[in-house]
Each structure stands twice: as C-alpha cells, then as structure tokens.
Amino acid sequence: MSQSLDIDLLRSFVAIAETGMLGQAALRVGRTQSALSMQMQRLEGIVEQPLLHRTGRGVTLTATGERLLVRAVELLRKHDEALAELRGEQLSGVLRFSCPDDYAVVFLPYLLQSFASLHPRVQLEVMCAPTPRLHELLARHAVDLALVSVPGDAASDDVIRREPLVWVAHRDGAAASLDPLPLALGAPDALDHRLPRQALEAARRAYRLAYASSSLSGLVGMARSGQAVIVLTRTAVPDDLQILTPDQGFPELPSVGVTLAFDREAPTALTAAFAAHVRKFLPAA
C-alpha cells in the first residue's frame with residue numbers, strides 16, 4: 001500500500017529543521033514535544049529513512065533529511081498558495097525585509113507604500129544594515145529577504161538596477177582639496193568602502209580614513225561638516241552636497257548592482273509576492 005507525504009508532518013519537520021530544537025518547533029506548530037516526536041517517527045516510517053540526528057544540543061538533519069527539507073519547503077509553499085487562492089484570501093502575515101541605508105532613504109517609502117496599498121493585511125518589519133551584515137541576517141533566518149549590493153559587473157539576470165557610486169562633499173568645504181584626502185566611509189567589508197580605496201590607490205592619490213560608520217546619517221553629517229569626502233550611490237546624494245568629478249581630481253568609481261537575496265531557496269508566497277513587487281517597482285523608481 002502506497003503512502004503519501006502528509007502536509008502537517010512536513011510542516012512540523014520544516015519547523016524542526018529551521019529551529020534545530022524540538023521545544024521551539026513544538027511552540028511554532030502548536031503541539032507538544034512528544035506529539036512532535038511521534039509525527040517525526042511517522043514521517044520517517046513513510047520515507048523509510050532516518051531524517052533527524054538527536055543530540056544533547058538539539059536536532060540536526062541526516063543527508064535524507066536535508067534532501068527532504070528542500071522538497072518540503074517547496075511543497076508547503078505550493079500548498080499554501082493553492083489554498084489561499086481557492087479561498088480567495090488576501091496575502092497576510094509578517095514579512096521581514098532589510099536593505100542598506102541609502103536604498104532605504106531613496107526607495108523604501110514608495111516601495112512600502114505601494115505594496116501596502118495592494119496588500120493591507122501584511123505587516124512589514126524593516127531593518128537597515130550594510131550588505132555584509134544583511135547576508136549574516138539571512139544566514140540566521142533573521143530576515144526573509146534583503147535588497148543587497150553586488151559588483152556592477154554581476155550577472156545581468158540577477159541585477160534589478162545599477163547604481164553609480166560618486167564622491168560627495170560639502171559645497172564650500174576644503175576637504176576635497178586636502179592632501180592626504182580625508183575620507184569618511186562605511187563598513188570595511190562593504191563595496192562602498194573597498195571600491196573607493198581601490199580607485200584612489202590605482203590613481204596614486206594619498207588619503208586617510210578620517211571617519212568610518214555604517215550609518216548613512218553619520219556619513220552625510222561628516223560631509224556636511226566639511227571635514228571629509230564620502231561615497232554614496234548617486235540617487236542617495238542630498239541636494240545640499242556636491243558630487244565631485246574627475247576634473248576635480250577624483251577617479252571614476254564603478255557602479256554597484258542592486259539585487260534580492262533570500263533566507264531560503266524556496267520563499268514563502270508572501271516573500272515571493274514582495275520580491276515580485278520589488279522587481280517591478282525598482283527599475284523605474
């Protein structure tokens with residue numbers, strides 16, 4: 001007699017895989033730990049393979065469990081999408097989205113407003129951080145998806161938009177003409193920190209790192225003080241600051257690509273809907 005993969009069993013299995021703890025998974029799916037253990041025994045009986053390693057520090061997946069997780073996430077997504085469509089339900093739930101500060105200032109107000117008008121029952125939680133920190137949040141499943149920076153020559157199919165980097169300073173400040181050039185840059189492992197330094201070193205222009213911050217407001221404040229030159233995406237440059245050009249002694253900077261990164265291979269229906277909205281909205285923003 002053939003057996004089928006039960007949706008409830010798969011949902012409990014995914015909860016265990018994502019939390020790594022039976023207690024936390026039990027709270028997520030609303031069952032006791034003993035009931036959850038019995039479910040996993042049933043699921044292992046259906047696939048005829050062990051799925052979990054139980055240790056004193058939690059639960060890990062076997063090789064078969066890893067393969068099942070990929071299939072289970074996709075099956076649950078399709079199941080939930082189909083059920084919602086048949087019921088005529090609107091998207092709802094909590095979506096955790098993150099992006100760098102400069103994208104948040106320029107794009108976020110209109111992006112969130114337009115999505116909220118289409119899906120008023122969705123609650124959006126937003127976090128801003130440099131791209132390297134966003135990848136760390138995604139790896140920990142602390143956010144569902146993130147708008148991140150990639151090198152400008154990244155594969156075109158993945159890049160939603162390209163943003164030129166520019167040198168920025170106070171309109172009447174002396175920082176741009178100082179030697180060595182005082183720089184205020186973001187996180188050391190971010191593209192908008194590494195690329196300007198590489199450009200100056202290639203042009204053999206002396207510089208010193210006068211200020212470092214992952215906060216856009218901190219960098220802009222430093223430029224407004226006249227004490228340093230900063231680097232921003234062109235769309236994030238405030239009207240009261242000036243863009244410095246090659247005829248002022250500043251080397252051309254490359255563009256960075258803007259793309260989406262997810263915390264899992266098969267996003268939920270809600271995450272997929274927001275990603276589609278971003279891909280539609282961002283190129284024309």
Side-chain angles (χ1 to χ4, degrees), residues 98-111 126-138 146-154 159-259 261 282 285:
S98 55
C99 66
D101 267 348
D102 47 354
Y103 301 161
V105 169
V106 178
F107 303 126
L108 206 56
Y110 310 103
L111 180 65
V126 179
M127 183 182 302
C128 295
T131 289
R133 304 294 82 74
L134 298 182
H135 285 296
E136 293 170 5
L137 292 171
L138 290 165
L147 197 62
V148 299
S149 297
V150 294
D153 57 358
V159 174
I160 303 170
R161 182 186 180 107
R162 297 187 193 278
E163 285 291 323
L165 291 174
V166 292
W167 305 98
V168 179
H170 189 283
R171 292 187 181 278
D172 301 316
S177 60
L178 295 178
D179 186 20
L181 179 72
L183 282 182
L185 298 176
D189 50 354
L191 288 172
D192 59 358
H193 184 112
R194 293 188 286 112
L195 293 176
R197 296 182 70 170
Q198 290 171 5
L200 289 172
E201 288 162 7
R204 296 188 176 181
R205 178 161 184 183
Y207 68 90
R208 64 182 180 88
L209 191 59
Y211 185 83
S213 173
S214 58
S215 163
L216 176 65
S217 59
L219 293 175
V220 169
M222 198 67 181
R224 284 176 172 151
S225 75
Q227 300 302 303
V229 172
I230 65 174
V231 172
L232 301 175
T233 54
R234 185 184 295 275
T235 53
V237 178
D239 292 339
D240 61 317
L241 296 178
Q242 70 165 328
I243 294 175
L244 303 169
T245 59
D247 59 8
Q248 294 171 284
F250 287 84
E252 289 279 358
L253 291 171
S255 294
V256 293
V258 183
T259 189
L282 207 59

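Keep in mind it's a predicted model, so treat the numbers as computed, not measured.
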| request: List the atom of Ala175, the atom of Pro182, and the distance in Å for their closest heavy-atom pair. | output: O-CD, 3.4 Å
| Which heavy atom in Ala223 sits nearest to a heavy atom in Leu241, and how many Å separate them? | CB-CD1, 3.9 Å
| task | Can you tell me which residue pairs pass the salt bridge (Lys or Arg N to Asp or Glu O under 4.0 Å) test with a partner in residues 208-217, sequence neighbours excluded? | result | none
| field | All salt bridge (charged side-chain N to carboxylate O under 4.0 Å, His left out) counterparts of Glu136, not counting sequence neighbours | value | Arg133
| query | Mind checking what makes side-chain contact (heavy atoms from CB on, under 4.5 Å) contact with Ile243, not counting sequence neighbours? | reply | Val166, Arg234, Val237
| said: Quick check: closest heavy atoms across Ala169 and Val229, and the distance to 0.1 Å? | reply: CB-CG2, 4.1 Å
| message | What I'd like to find out is whether the side chain of Pro100 reaches to under 4.5 Å of the side chain of Pro130, using heavy atoms alone. | response | no
| request: Please list all pairs passing the ring-ring contact (aromatic ring centres under 6.0 Å, His included) test where one or both residues lie in residues 216-242, with sequence neighbours left out. | output: none
| said: Any side-chain to backbone donor/acceptor pair from Arg205 onto Gly249? Under 3.5 Å, distance only. | reply: yes
| said: Is there a side-chain contact between Leu232 and Pro238 in this structure, where contact means two heavy atoms from C-beta onward sitting under 4.5 Å apart? | reply: yes
| message | Tell me the closest heavy-atom pair linking Pro251 and Leu200, and the distance in Å. | response | CD-CD2, 4.1 Å
| remark: Output for pair (Ile230 CD1, Leu244 CG), nearest 0.5 Å, gives 10.0 Å
| message | If you compare all heavy atoms of Ser255 against all heavy atoms of Pro164, which two are closest, and at what distance to 0.1 Å? | response | OG-CA, 3.4 Å
| Got a sec: does the CZ of Arg171 have more than 12 other heavy atoms crowding it under 6.0 Å? | yes
| query | Can you list every pair that meets ring-ring contact (aromatic ring centres under 6.0 Å, His included) and has a residue in residues 215-259, with sequence neighbours left out? | reply | Trp167-Phe250
| Note, Thr131 side chain near Leu191 side chain (heavy atom, < 4.5 Å) | no
| field | Contacts of Val105 that satisfy side-chain contact (heavy atoms from CB on, under 4.5 Å) - sequence neighbours left out | value | Leu216
| task | Could I get the full list of salt bridge (charged side-chain N to carboxylate O under 4.0 Å, His left out) partners for Asp240, not counting sequence neighbours? | result | Arg224
| request: Among residues two or more places apart or on two chains, list those pairs meeting salt bridge (Lys or Arg N to Asp or Glu O under 4.0 Å) that have a residue in residues 214-223. | output: none
| field | Other residues, nucleotides, ligands: >12 heavy atoms within 6.0 Å of Asp239 CG | value | no
| field | Sequence-distant partners of Arg197, side-chain contact (heavy atoms from CB on, under 4.5 Å), two or more places apart | value | Leu185, His193, Glu201, Tyr207, Leu209
| remark: When rounded to the nearest 0.5 Å, the distance separating OG1 of Thr245 from CD of Glu252 is 8.5 Å
| field | For Glu163, side-chain contact (heavy atoms from CB on, under 4.5 Å) partners two or more places apart | value | Phe107, Arg161, Thr233, Thr235, Val256, Val258
| remark: Result for side chain to side chain contact (heavy atoms under 4.5 Å, CB included) between Val231 and one of Val168, Leu219, Leu253 points to Leu253
| said: Listing request: all side chain to side chain donor-acceptor pair (under 3.5 Å) pairs with a residue in residues 172-181, at least two apart in sequence or in separate chains. | reply: none
| field | Side chain to side chain, Asp192 and Ser149, heavy atoms closer than 4.5 Å | value | no
| Listed by chain and number, what are the ring pair (Phe, Tyr, Trp, His ring centres under 6.0 Å) partners of Tyr211, not counting sequence neighbours? | none
